[in-house]
Amino acid sequence: MEPYRITNVDDEKKIIIAERTEGDCFTTPLTRTDIEVLEVIKKREYDQLRLNYGSVRVTESVYGYLLKSPQKTLKQKEVKLPPLPFMTKAVWLQASLTDIKGDLAGGLHGAEHLLIAVTPLLAMCDRWDIGGVSIEKRENEIYIYDGYPGGIGIAERLYTHFKQLVEKALEIGVNCSCYTGCPRCIISPKCGNNNEPLDKGAALTILKTIYNQVGNKNGEDG
Ligand SMILES: [Zn+2]
Ligand SMILES: [Zn+2]
């Protein structure tokens, strides 16, 4: 791939000017994603966990970007862009998750990254085709949504094969010999939060807790 640098963005004329560049710097967007449930189409109840599949409205807002070299972040820039809402399908779980040692928000975020990383193994898609959000609250939530307006069937497939999805995510996390997380396990190349916060230990505990719930029985659709 040849590197290009964006030199000008004209919102009105909808023109972006790019020029060839040298060097190994690159940018990653900083995004905030809000998700709103419109309709629960299917759900499965476990002892301390609920798995849902349904329609959602996702609003992605890009609020800045990071200029990076392979070693470090060089600078952070803010940008003002209109939010981009779209309707799609998502699979999401809600769990109470008490007794998680470490950082709960970092654990949920890491678990979300691992689940997304293994999605291509089950749904014939690329990890760039899907997005995720994790929310720490009384009923902790992890959403994985189809990145295409309307959805192209990825989320429903993940709902159907959720047990295998969690199993594979756990396998990757447990078998990675790093301590705090690396690009082979919880660090994601497409994270809009610059991979913060992340807690590998808490992520694995959360996935084990989820697996213990969904792994024992197949669950009843309700
Ligand atoms: Zn790792
Ligand atoms: Zn992330």
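Just so you know, ligand 1 is whichever comes first in the structure, and atom 1 is the first atom listed for that ligand.
Listed for the E60 side chain is no donor-acceptor partner under 3.5 Å among the backbone atoms of T31. At least one donor-acceptor pair closer than 3.5 Å links the side chain of E112 to the backbone N or O of S134.
Aromatic ring pairs are classed by plane angle as parallel below 30°, tilted from 30° to 60° and perpendicular above 60°; the pair Y159 and Y53 is tilted.
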Step-by-step salt bridge (Lys or Arg N to Asp or Glu O under 4.0 Å) determination, E2 to R20: CA-CA 8 Å; E2 290 171 349; R20 280 288 312 277; 3.6 Å; yes
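At the Zn ion (ligand 1), the angle from SG in C178 to SG in C176 is 110° when rounded to 10°. The angle that H109 NE2 and C191 SG make at the Zn ion (ligand 2), rounded to 10°, works out to 100°. At the Zn ion (ligand 1), the vertex angle linking SG of C182 with SG of C185 is 120° (nearest 10 degrees).
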